[in-house]
Amino acid sequence: MNLPDYEFLSAPLWLVTVLHLLTFTLHLVAMNFLLGGVIIVLHAAVRRRWDDPTLAKFARLFPSATAATVTLGVAPLLFLQLVFPRQMYSAAAVSGWFWMGVIAAVITAYYALYRAAFKAQATGKVSKLALAVALIGLLYVSLVYSSVFSMAEQPDQIHNLYARNQTGLVWNPAAGDYALRWLHMVLGAVTVGGFFVGLIGRDNAEVFATGKTFFVGGMVAAAMAGMAYLLSLQAWLSAFMRTPAISALGVGILLSLGSLHFFFKKKFWPAGAMLFVSMLTMVFARHTVRLLKLAPQFDPATWRIAPQWSPFLMFLVCFVVMLAVLVWMLRMFFGSKKSAA
Amino acid sequence: MNYPFWDEPMGYGVLMAVIAVFHVFVSHFAIGGGLYMVVSERIARKAGDTKRLKFIEKLSKFFVLVTLVAGALTGVGIWFVIGLINPAATEALIHNYVWGWATEWTFFVVEIASAILYFYGWKRMAARDHMIIGWIYFVFAWLSLVVINGIITFMLTPGQWLATGDFWDGFFNPTYWPSLVMRTGVCGMLAGLYALLVASRIEPGDFKARMVRYSAGWGIVGLVVTAVCEYWYWKAIPAAVVEKALQIMPTPIHSIEYSVWLAMGIGALLVVFGVLAPRKLSSPAAALLMVLGLVWFGCFEWFRESIRKPYVITGYMYGNGVELAKADRYKKEGYLAQLAFKTGDDGADLFRHACRSCHTLDGYKALKPAFDGTDRAFIAAIIRSAHLLRGNMPQFLGKPEEAEKIADYLYQRMDKRPLDEVYGLQGVELGRKAYALRCGKCHVLGAASDKSKSFAGQSADDLNSMLNAAADMGEGMPAYTGGAKERAGLVAFLEQLGKGVKK
């Protein structure tokens, strides 16, 4: 019997990669706003930096930010599984319970943030406890992702770990591989969170100052963690230096500085655009490291390509419709006035 | 077998059920509830009925909390789970349907965004704009069903895809349309049942009666659509699958029977409380209706999942991830040669990859009760003949010595006392147990392979020599390897069967 084979990509690899990296960057924007935002707002609440109405205003944004983070995370995870199924599922299976725990953690964080938002709405006060619970949930997710995705880049390690323990309770022991990478991600989130805090609080000197502090401080710290991570790549570093990713990264760093410049002048459009493009370059660099690490075992370019153009066209049309409907709805939402009934 | 095996004690069936059952309810409710809300909002606004409007606004808060958070995340959760418990199938599905999933994602984004705007829009949007957002929500939520339905139904009835490998052949497969219309009906029904639950708590009066009657209408229309489509769906499943299920698969058949009874019960309650006596609907009654609705839908989903056995994708991949296309390779090279991840314990590895995705030792679909008090040779024979057992299992495609390795592994974990000691049974009762364990899994009494007639008029000696020759009686039938006491009991029981005594 000649049954259809499923080991193929239904679009050229470059196309899948573009979609993957683009949607992942979008996910990062939302995730950074959420994680960085929660950290900064919690900090402001504990240190009593902001007044209650300001804190409440921010607390009410987080549930929607969570929705955006989750929703925008689905697409890149889909493309990741499409191109790297062996690596992804194997790493996830070895850490099965931790991996499933992500769902529980996100649900917990989500409800905690809703609680904080409703309380802020009703009483004008922000619940530090709820924010702290949410933060713990989000940090859990970040740790699991760093652990699992870094394990996925080292298939040999997965084999060894699995041979010793099959219960799905394996936590990636090679912390050296991902501690700095994780730190860089979290600090990056604080940076971008600082940007958003400054943007939303642009008319409030206190809030803008906080945003500025975290934007600048986060960027310096994230850059240092990022550099340290690159250096820790050791053997891969020299290979990395020979890829286009290193130039992209250079451009990205310049763009972040440019973003700072415009941010100080409260020109948020160019600042935001530069920040976004610099995040794209870093996502590209991250992707390059993954390919380098996997190269001895697996090269995605070896996938057989069997395009499914008509389903792809369906996706493309729906994607455009999605963007159009989103814009239309948002304009309607912000433009609509409830008549005095 | 390219993946490690996540050896969790609960059993994959339970794990999947816990998340999937919840998600499937919430996701259908999310669609129907959306429609219920905009339609009701429109009616209320037209009538200038502020009480009703407030009622819907209150409903939408809960709605958003449940669908956005729990609904969306358990959906992601299912995806996480299937990647863990059946990575090969997930890989196959994603590679064939990535653009389907990506399309669904675009709908999902709009669905989530519009739900949020609808919820926050009560306070700030003009009536017309608010309702437009509501409609967008419903349309996109339903569109995501339109897409995912293609992938879910594909797994049971891949249809022409098996020959062509074409995206659309698999997508618009034989059960696509009945399933889509049916699920749409389910959405409406669950929305009605939920609204009834909320309406039952309104203080008694005309308003309550009106809301109850209206919500019950949703339930009844949804139920009728669903019931008709369930029949249509049943007819769309290939005859061979249905026939096999009727013969040897009690689980799906019972599920579908229950679902018919439950549907009738729900229909009766809806007519009594919704149409005849809407004022009398109490919260417990509404809760009962809701529970019945969920159980009913659960039965259907259980049916759909279990009638697909032994496949995860019918005619393409078994539940344990073995691809039919590679069957010859498995037979030739053996199972172990296909395992990418090994632990050094061959028996355990083989057991995990061949059996463990459907069975546990002593939890869900436990094997201990099937093998306690039996012997190693018997276990090995059953493994080799797994496809002959009731329940519809995949064929064990490994080499005979690999079956022995699994048998070793299992036998070490069984109760090794003789059967009479394990269960404290004697005589015919011991024989009944022996029959259940050693014969009844292939020769189900009262079903197609019932051999009771062969025992008619046989003496104990005849039956003993029959047992001696057991291994030669049919391709795959195990030799009889039980001890003397068990054998005497079995012979006594077979004599009874021959005499037509069933109980």
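Below, chain A is the first sequence line, B the second, and so on; all start at residue 1. The figures that follow rest on heavy atoms only: side chains count, while hydrogens, waters and symmetry mates do not. The shown structure was predicted, so the numbers you read here are calculated from the model rather than taken from an experiment.
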Does any non-hydrogen side-chain atom of A:Gln87 lie less than 4.5 Å from one of A:Phe298?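 Yes; the side chains approach each other to less than 4.5 Å.
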Can you tell which part of [X] gets under 4.5 Å to a heavy atom of chain B, answering side chain, backbone, both or neither?
X	result
A:Leu323	neither
A:Leu313	neither
A:Leu326	side chain
A:Thr23	side chain
A:Trp303	side chain

Heavy-atom pairs under 4.5 Å with chain A - which of [options] has more of them than the others?
options	value
B:Tyr316, B:Phe108, B:Trp101	B:Tyr316
B:Ala72, B:Gly100, B:Gly344, B:Ser114	B:Ser114
B:Asp345, B:Leu68, B:Leu65, B:Ile136	B:Leu65
B:Pro4, B:Gly165, B:Ala70, B:Pro158	B:Pro4
B:Trp79, B:Trp161, B:Tyr120	B:Trp79
B:Val69, B:Ile116, B:Asp166, B:Leu93	B:Val69

Sidechain-backbone polar pair: B:Tyr409 side chain, B:Asp349 backbone, donor-acceptor under 3.5 Å: no
Sort out for me which of A:Gly168, A:Ala92, A:Ser10 touches chain B most, counting heavy-atom pairs under 4.5 Å.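 Looking at each of A:Gly168, A:Ala92, A:Ser10 in turn, A:Ser10 comes out on top.
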Heavy-atom pairs under 4.5 Å with chain B - which of A:Tyr111, A:Trp328, A:Phe333 has more of them than the others? A:Phe333
What part of B:Ile94 lies closer than 4.5 angstrom to a heavy atom of chain A: side chain, backbone, both or neither? both
Under 30°, 30 to 60°, or over 60°: which ring-plane class applies to [X] and [Y], parallel, tilted or perpendicular?
X	Y	result
A:Phe79	A:Phe315	perpendicular
A:Trp99	B:Phe80	parallel
B:Phe167	B:Phe171	parallel

Can a side-chain donor-acceptor contact be found between [Y] and [X] if the only test is distance below 3.5 angstrom?
X	Y	answer
B:Tyr330	B:Gln395	no
B:Asn320	B:Ser357	no
B:His353	B:Gln338	no

